[in-house]
Amino acid sequence: MLDGSLLPGGAKVGDVLRADADFDLEGITVTAVLPPKGARKEPERIELLGGTSSFEPVTQTLVARSDRPRRERRDGDRDRDRDRERRPRPDGDRSTRGPGRERSGRPATGERSDRGPRPDATGERPARPPRAERPPRAPRPPRPEVPELPMRPKPKRLRAVRTHRNEVLNALPPEQRPVAEQVLRGGVPAVRQAIDEQNTTLRAEGKPEVPPSGVIALAEELLPRLRVAEWQDRAEGALNDLDELDLRDLRSVVVAADDPAVARDESTRDLAARLKDALANRQDKEHQDWLADIDAALSVGRIVRALRLSSRPPKAGVRFPPDLAGRLVQATATSLTADASSDRWVAVLEALAYSPVHGAVVPTAAPAVVSDELRSTAKRLAALVPEVAKLFGIEPPAPGTRAPRPPRRPPSRKPDKARVPPPPKDEPRLVAPTETATVEPEPAETATVETEPQPEPAEPTADQTDPTD
């Protein structure tokens with residue numbers, strides 16, 4: 001509803017006006033209509049209406065602390081002082097803090113102050129005697145010393161030289177060197193595999209394949225010379241570290257001397273004889289050190305270490321000394337008591353199962369608490385320790401049952417046969433991954449073999465030492 005008297009003068013149809021309206025249940029009632037805004041000739045301004053008093057600027061003057069007037073005490077200050085005197089402060093009053101103390105009453109160095117004994121029922125903390133008058137603390141019991149055992153130096157791994165192999169490779173014509181390198185990698189099967197891969201590539205490209213007969217014949221001809229050169233390099237590497245070389249590597253070199261290709265060569269006989277004598281001397285020395293280490297471990301009570309050492313003899317087929325075996329059996333049975341923990345039983349059983357005295361140890365009683373791990377270990381090793389398995393109600397398997405194998409260690413390095421001598425640094429590679437070397441074993445045919453350069457393998461690392469109990 002709109003009253004016509006509310007319209008401004010000169011209003012006509014089509015004008016846009018501003019209106020104030022009330023909305024209720026009966027409808028919309030227009031209460032006021034404002035004319036449209038026209039263009040302003042002057043900018044908008046804010047009018048400041050001043051007061052009747054005159055303007056006085058504000059200034060600030062800093063006064064030293066000593067010159068400030070003392071504040072007059074009020075009644076509320078006395079009440080706060082009274083409450084402070086009534087309330088005990090065990091960590092010292094803030095108003096009496098001396099130099100070097102924080103607001104909490106503790107020393108400024110960050111250390112916790114001595115608060116003294118707890119307050120009694122009345123809420124007051126009894127006085128504590130000075131530190132100088134307090135009784136001294138009881139000395140702590142000394143820690144048991146860890147028994148020291150003789151530590152043997154870690155054996156060195158075999159590092160073969162490349163003198164003889166390089167001499168053989170340098171004496172060959174350039175077109176035969178790729179075939180010789182393949183023979184060093186894996187013998188004649190490696191040459192066949194390289195020819196098959198090359199023929200597969202040539203067949204896909206629509207080119208004629210390589211007849212393998214000539215290349216295989218050349219590889220078989222080079223194989224004895226390369227095998228002898230490779231053994232000589234390994235033998236000279238063993239002689240360089242003969243006193244510190246790992247016994248397994250030395251034994252492998254001596255066994256490889258029985259190869260027909262190596263044994264027929266006269267230049268290898270003297271070297272093989274020296275290595276066999278050195279192996280016999282080293283085995284005797286290692287055997288004496290092995291027995292001494294077991295005896296030392298038993299002397300200081302390292303039962304688990306003694307059992308693990310006894311399961312790794314340096315020389316196979318040697319009988320374990322009866323007197324040392326009796327000591328080992330008695331010490332092991334003494335450690336397997338009812339008071340020992342399940343973890344101790346598991347560690348001893350794991351080491352006992354592969355020791356030469358595994359069937360002679362008879363514990364007197366089972367442990368008081370048998371864990372699931374101990375029961376599963378006794379069941380798994382029941383064929384090796386039948387007397388221990390009967391304590392847990394486990395029936396050992398029939399005689400002749402295959403016993404579980406000891407846990408295998410991850411190989412520390414690849415076998416020496418997999419090592420391939422890389423080309424000398426001062427000599428360019430004869431065959432690139434995309435190149436082809438030509439070999440002419442016969443005038444009537446031409447064969448090619450593709451070889452890829454192999455990176456030099458990393459030097460082997462020494463085996464980890466045996467864990468001890």
Side-chain angles (χ1 to χ4, degrees), residues 137-152 289-314 318-409 464-469:
R137 293 183 178 180
R140 295 181 178 179
R143 295 182 179 180
E145 297 182 359
V146 179
E148 297 183 358
L149 296 176
M151 299 299 296
R152 306 293 179 185
D289 294 343
W290 175 63
L291 295 178
D293 291 345
I294 297 176
D295 180 75
L298 287 176
S299 301
V300 297
R302 304 285 291 275
I303 310 302
V304 176
R305 177 176 174 81
L307 291 172
R308 289 176 178 173
L309 287 174
S310 65
S311 63
R312 300 183 180 95
V318 179
R319 184 181 178 185
F320 198 73
D323 54 344
L324 190 60
R327 292 177 54 194
L328 189 59
V329 170
Q330 182 179 1
T332 305
T334 304
S335 64
L336 296 178
T337 60
D339 298 335
S341 62
S342 296
D343 295 339
R344 177 66 178 178
W345 273 73
V346 170
V348 174
L349 291 182
E350 290 284 358
L352 174 64
Y354 307 101
S355 175
V357 298
H358 61 90
V361 177
V362 181
T364 57
V369 179
V370 180
S371 62
D372 296 339
E373 182 183 4
L374 175 57
R375 187 174 297 278
S376 61
T377 302
K379 184 177 181 180
R380 175 170 53 87
L381 303 176
L384 297 174
V385 285
E387 299 297 332
V388 179
K390 293 178 182 179
L391 292 178
F392 302 97
I394 300 174
E395 186 66 23
T401 305
R402 184 175 181 179
R405 295 181 178 180
R408 298 181 59 184
R409 295 182 179 180
Q464 300 293 335
T465 57
D466 295 336
T468 59
D469 56 330

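- Put simply, the residue from Arg380, Arg308, Arg344 that forms a salt bridge (charged side-chain N to carboxylate O under 4.0 Å, His left out) with Glu350 is Arg380.
- Here the closest non-hydrogen pair linking Ala333 and Val362 is CB-O, 4.3 Å.
- The side-chain heavy atoms of Arg327 and Ser299, taken from C-beta on, include a pair separated by under 4.5 Å.
- In this structure, the separation between CG on Asp293 and CZ on Arg305 is 6.5 Å, given to the nearest 0.5 Å.
- Under the 3.5 Å distance criterion, the side-chain polar atoms of Arg375 are matched with a main-chain donor or acceptor of Phe392.
- Residue Asp372 qualifies as open at atom CG: its count of foreign heavy atoms under 6.0 Å is 12 or below.
- Ser335 approaches Ala340 most closely through the heavy-atom pair O-CB, 3.8 Å.
- Taking CG of Leu309 as the reference point, atom CG of Asp295 lies at 11.5 Å (rounded to 0.5 Å).
- Across all their heavy atoms, Arg152 and Ala292 have their closest contact at NH2-CB, 4.2 Å.
- Atoms CD and CD1, from Gln330 and Ile303 in turn, are 10.0 Å apart once rounded to the nearest 0.5 Å.
- Side-chain contact between Val318 and Trp290: absent, with no pair of heavy atoms (C-beta onward) separated by less than 4.5 Å.
- The two residues Ala325 and Val357 come nearest to each other via the heavy atoms CB-CG1, 3.9 Å.
- Between Thr337 and Thr364, every side-chain heavy-atom pair lies at or beyond the 4.5 Å cut-off.
- The shortest distance between side-chain heavy atoms of Leu328 and Ser310 falls below 4.5 Å.
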Task: Candidate pair Leu307 and Val348, rule side chain to side chain contact (heavy atoms under 4.5 Å, CB included), full reasoning - done: CA-CA 8 Å; Leu307 291 172; Val348 174; 4.2 Å; yes

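- Interatomic distance, Ser311 OG to Ile294 CD1, rounded to the nearest 0.5 Å: 8.5 Å.
- The shortest distance between side-chain heavy atoms of Val369 and Trp345 does not fall below 4.5 Å.
- Partners of Asp343 by side chain to side chain donor-acceptor pair (under 3.5 Å), not counting sequence neighbours: none found.
- In this structure, Leu381 and Leu349 approach most closely via the heavy-atom pair CD1-O, 3.6 Å.
- Taken to the nearest 0.5 Å, the CG atom of Leu298 stands 7.5 Å off from the OG1 atom of Thr332.
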